[in-house]
S.K.: 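Take a look at this one; I'll ask things after.
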Amino acid sequence: MTKRALITGITGQDGSYLAEMLLAKGYEVHGLIRRASTFNTVRIDHLYQDRHEPDARMFLHYGDLADGARLVTLLAQVQPDEVYNLAAQSHVRVSFEEPEHTGNTTGMGATRLLEAVRMTGLHCRYYQASSSEMFGASPPPQNELTPFYPRSPYGAAKVYAYWLTKNYREAYGFFAVNGILFNHESPRRGETFVTRKISRAVARIRAGLDDVVYLGNIDTVRDWGYAPEYVEGMWRMLQADEPDDYVLATGNSCTVRDFMITAFEHAGLDWEKHVRFDEQYLRPTEVDALIGDASKATGRLGWKATVHADELARIMVDADIEALEHAGSSWIDAPRVDGWVAAPAAR
Ligand code: NAP
Ligand code: GDD
């Protein structure tokens with residue numbers, strides 16, 4: 001029997017890799033997409049087949065996590081075996097600018113989706129994209145037993161969604177799990193997250209298109225892994241015999257500074273000539289150090305990260321250099337996105 005999955009956030013970094021992986025495993029994949037005035041499906045265009053093709057197995061549906069009634073009609077129509085809730089306003093710095101919107105999407109969105117599952121009476125398995133950002137000020141190493149101490153509206157919204165997921169498991173017997181994922185990156189990472197901002201800047205500086213990149217706090221520590229490995233972990237959580245919550249992480253630490261040095265050196269550039277500080281990129285409250293302990297996922301799911309920060313930096317720089325070399329003038333001339341908002345608006 002072909003399994004059917006519904007992915008919210010299918011147009012994002014993780015959604016695109018998850019869709020790719022599930023299609024390769026033989027699933028029928030349904031994705032929730034937001035209507036936009038421009039195309040926002042660039043990360044999944046390579047997977048798309050017209051629905052009239054006999055072998056089409058990926059289908060996209062308009063909807064929004066802010067629209068609970070739509071989630072009910074969609075679940076009733078699709079009847080998925082597995083639901084992956086990846087949609088969110090996922091940028092920590094932006095969540096300080098838009099705390100209400102972030103709460104509505106990242107927090108309440110999960111409630112609306114869980115309620116939609118309950119109201120339709122489906123016996124599907126549910127994955128909630130929880131985050132290491134929930135640990136916030138709790139010192140590393142962090143695992144499933146570490147207390148939450150969120151340091152941003154985004155982190156607080158994720159804590160709410162985490163507990164709702166756990167509550168629906170306990171109250172209604174849902175097969176609902178929280179994947180508490182530490183930072184994971186890739187060439188498909190949004191351009192305003194720090195790793196991609198750096199790899200993209202390195203490619204542009206190397207090509208002579210830019211001379212400097214502005215960053216905020218480069219002393220923070222993160223545990224950066226490779227996104228394609230993390231979506232495999234999400235899937236494994238839903239194949240387990242019992243629902244439970246799991247941390248996914250590499251267990252290695254890296255500062256933004258070290259990631260940046262590796263990225264610049266890989267392209268033969270001296271970072272000190274090209275990196276400037278801009279306080280605009282500081283956060284009102286920062287998460288100083290996230291280093292995960294994924295031994296529970298390794299022991300029970302057989303999941304282990306193999307790509308660590310240095311290799312990741314090189315993968316991302318190589319991909320951005322190649323993208324730039326193969327891009328037409330439209331990509332090169334496009335407005336430069338050098339922060340957590342597009343540069344023209346930020347200036
Ligand atoms: P991402 O690239 O920012 O993608 C977010 C997705 O959510 C996009 O598809 C976006 O659609 C969609 N979305 C946003 N608001 C929505 C709404 N109101 N209704 C429906 N869809 C909406 O994020 P990601 O890096 O793939 O992360 C996936 C999930 O994992 C997120 O929940 C994130 O918070 C969480 N997470 C990520 C990491 C990480 O390091 N990447 C770590 C821990 C947890 P558009 O394309 O239309 O904007
Ligand atoms: N974005 C950004 N831009 N971050 C910067 C910059 C900059 O110019 N300069 C320094 N940083 C620092 C941030 O202050 C933070 O300490 C670190 O780089 C990482 O920032 P992001 O790449 O924006 O990621 P994040 O750790 O805040 O959040 C990501 O990981 C979470 C999991 O821990 C996001 O993917 C979240 O959605 C995810 O939940």
S.K.: Under a 4.0 Å N-O cut-off, is there an ion pair linking Arg300 with Glu242?
M.R.: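 Between Glu242 and Arg300 there is no salt bridge, as every charged N stays at least 4.0 Å from the carboxylate O atoms.
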
S.K.: Using atom types as modelled and distance alone, determine if a side-chain donor or acceptor of Arg70 lies under 3.5 Å from a backbone N or O of Tyr62.
M.R.: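 Yes, because the side chain of Arg70 sits within donor-acceptor range (under 3.5 Å) of the backbone of Tyr62.
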
S.K.: Say you draw a straight line from CG of Leu18 to CD1 of Ile44; how long is it, rounded to the nearest 0.5 Å?
M.R.: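 Between atom CG of Leu18 and atom CD1 of Ile44 there are 11.5 Å.
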
S.K.: Do you know which of Asn85, Asn104, Asp64, Asp67 makes side chain to side chain donor-acceptor pair (under 3.5 Å) with Arg112?
M.R.: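 Exactly one candidate clears the test, Asn104.
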
S.K.: Checking the side chain of Gln79 only, and the main-chain atoms of Ala76 only, is there a donor and an acceptor separated by less than 3.5 Å?
M.R.: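 Checked: pair present.
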
S.K.: Is the closest side-chain donor-acceptor distance between Tyr27 and Glu82 under 3.5 Å?
M.R.: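 The answer is yes; a qualifying pair exists.
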
S.K.: Side chain of His308, backbone of Asp310: donor and acceptor closer than 3.5 Å?
M.R.: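 No; judged by distance alone, with no hydrogens or angles, the pair does not exist.
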
S.K.: Determine, using ring centers only, whether Phe148 and Tyr162 are less than 6.0 Å apart.
M.R.: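 Yes, they do, as the ring centres are separated by less than 6.0 Å.
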
S.K.: Check this for me: does any side-chain nitrogen of one of Arg125 and Asp81 sit under 4.0 Å from a carboxylate oxygen of the other?
M.R.: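 Looking at Arg125 and Asp81, the cut-off is not met.
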
S.K.: With rounding to the nearest 0.5 Å, note down the distance linking OG1 in Thr102 to NZ in Lys158.
M.R.: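 Here the interatomic distance stands at 10.5 Å.
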
S.K.: Which distance, rounded to the nearest 0.5 Å, do you find between the CE of Met108 and the CG of Leu114?
M.R.: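 Output value for this atom pair is 10.5 Å.
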
S.K.: For this output row, return yes or no: ring centroids of Tyr127 and Trp235 closer than 6.0 angstrom.
M.R.: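 Centroid distance Tyr127-Trp235: not below 6.0 Å, so no.
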
S.K.: Donor-acceptor pair, Arg151 side chain versus Glu286 backbone, under 3.5 Å?
M.R.: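 Yes, the answer is positive, given that a donor and an acceptor are paired below the 3.5 Å cut-off.
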
S.K.: Would you call Glu115-Arg118 a salt bridge at under 4.0 Å N-O?
M.R.: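 Between Arg118 and Glu115 there is a salt bridge, with a charged N closer than 4.0 Å to a carboxylate O.
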
S.K.: Decide side chain to side chain contact (heavy atoms under 4.5 Å, CB included) for Tyr230 and Thr250; before the verdict, give the C-alpha distance in whole Å, the side-chain angles of both, and the deciding distance to 0.1 Å.
M.R.: CA-CA 10 Å; Tyr230 286 57; Thr250 71; 3.4 Å; yes

S.K.: Taking the six-membered ring for Trp, are Phe174 and Tyr172 parallel (under 30°), tilted (30 to 60°) or perpendicular (over 60°)?
M.R.: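 Answer is tilted, since the angle falls between 30° and 60°.
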
S.K.: Between Leu248 and Tyr17, is there shared hydrophobic-cluster membership here, with clusters defined by ILVMFWY side-chain heavy atoms closer than 4.5 Å?
M.R.: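 Yes, same cluster.
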
S.K.: Check whether NZ of the Lys or CZ of the Arg Lys296 lies under 6.0 Å from the centre of the six-membered ring of Tyr246 and within 45 degrees of that ring's axis.
M.R.: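 The answer is yes, since Lys296 meets both limits relative to Tyr246.
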
S.K.: Does the His91 side chain pair with the main chain of Thr192, one donor and one acceptor, at a distance under 3.5 Å?
M.R.: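 Yes, His91 side chain to Thr192 backbone: donor-acceptor pair under 3.5 Å.
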
S.K.: Treating Arg169 as the side-chain partner and Ala176 as the backbone partner, does any N or O pair qualify as donor plus acceptor under 3.5 Å?
M.R.: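 Side chain of Arg169 to backbone of Ala176, a donor-acceptor pair under 3.5 Å: yes, one is there.
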
S.K.: Say whether Glu20 and His46, considering side chains only, have a donor N or O and an acceptor N or O under 3.5 Å apart.
M.R.: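 Side-chain D/A pair, Glu20 to His46: present.
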
S.K.: Check this for me: does any side-chain nitrogen of one of Arg222 and Glu185 sit under 4.0 Å from a carboxylate oxygen of the other?
M.R.: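 Salt bridge flag = no for Glu185 with Arg222.
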
S.K.: Name the atoms and distances for all side-chain donor-acceptor pairs under 3.5 Å in residues 133-141, with sequence neighbours left out.
M.R.:
| residue | atom | partner | partner atom | Å |
| --- | --- | --- | --- | --- |
| Ser138 | OG | Pro147 | O | 2.7 |

S.K.: Nearest 0.5 Å, please: how far is OG1 in Thr11 from CG in Leu86?
M.R.: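 Reported value, rounded in 0.5 Å steps: 10.0 Å.
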
S.K.: Which value, rounded to the nearest 0.5 Å, describes the distance between Tyr226 atom OH and Met316 atom CE?
M.R.: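 Separation between the atoms: 9.5 Å.
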
S.K.: Might you confirm whether atom NZ of Lys3 has over 12 heavy atoms from other residues, nucleotides or ligands at distances under 6.0 Å?
M.R.: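 It does: Lys3 NZ has more than 12 such atoms within range.
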
S.K.: For Asp210 and Ile205, indicate whether the former's side chain and the latter's backbone hold a donor-acceptor pair under 3.5 Å.
M.R.: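 No: the side chain of Asp210 does not pair with the backbone of Ile205.
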
S.K.: May I ask you to decide if Val247's main-chain N or O and Glu144's side chain share a donor-acceptor pair within less than 3.5 Å?
M.R.: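 Looks like yes, one N/O pair under 3.5 Å.
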
S.K.: Which distance, rounded to the nearest 0.5 Å, do you find between the OG of Ser16 and the CE of Met21?
M.R.: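 Ser16 OG to Met21 CE: 12.0 Å, rounded to 0.5 Å.
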
S.K.: Who are the ring pair (Phe, Tyr, Trp, His ring centres under 6.0 Å) partners of Phe59, not counting sequence neighbours?
M.R.: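 Phe59: ring pair (Phe, Tyr, Trp, His ring centres under 6.0 Å) contacts with His30.
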
S.K.: Short question: side chain of Thr8, backbone of Ala87 - any donor-acceptor pair under 3.5 Å?
M.R.: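 Side chain of Thr8 to backbone of Ala87, a donor-acceptor pair under 3.5 Å: yes, one is there.
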
S.K.: Applying side chain to side chain contact (heavy atoms under 4.5 Å, CB included) to Ile10 and Leu32, what does each step give before you reach the verdict?
M.R.: CA-CA 7 Å; Ile10 193 169; Leu32 179 81; 6.0 Å; no

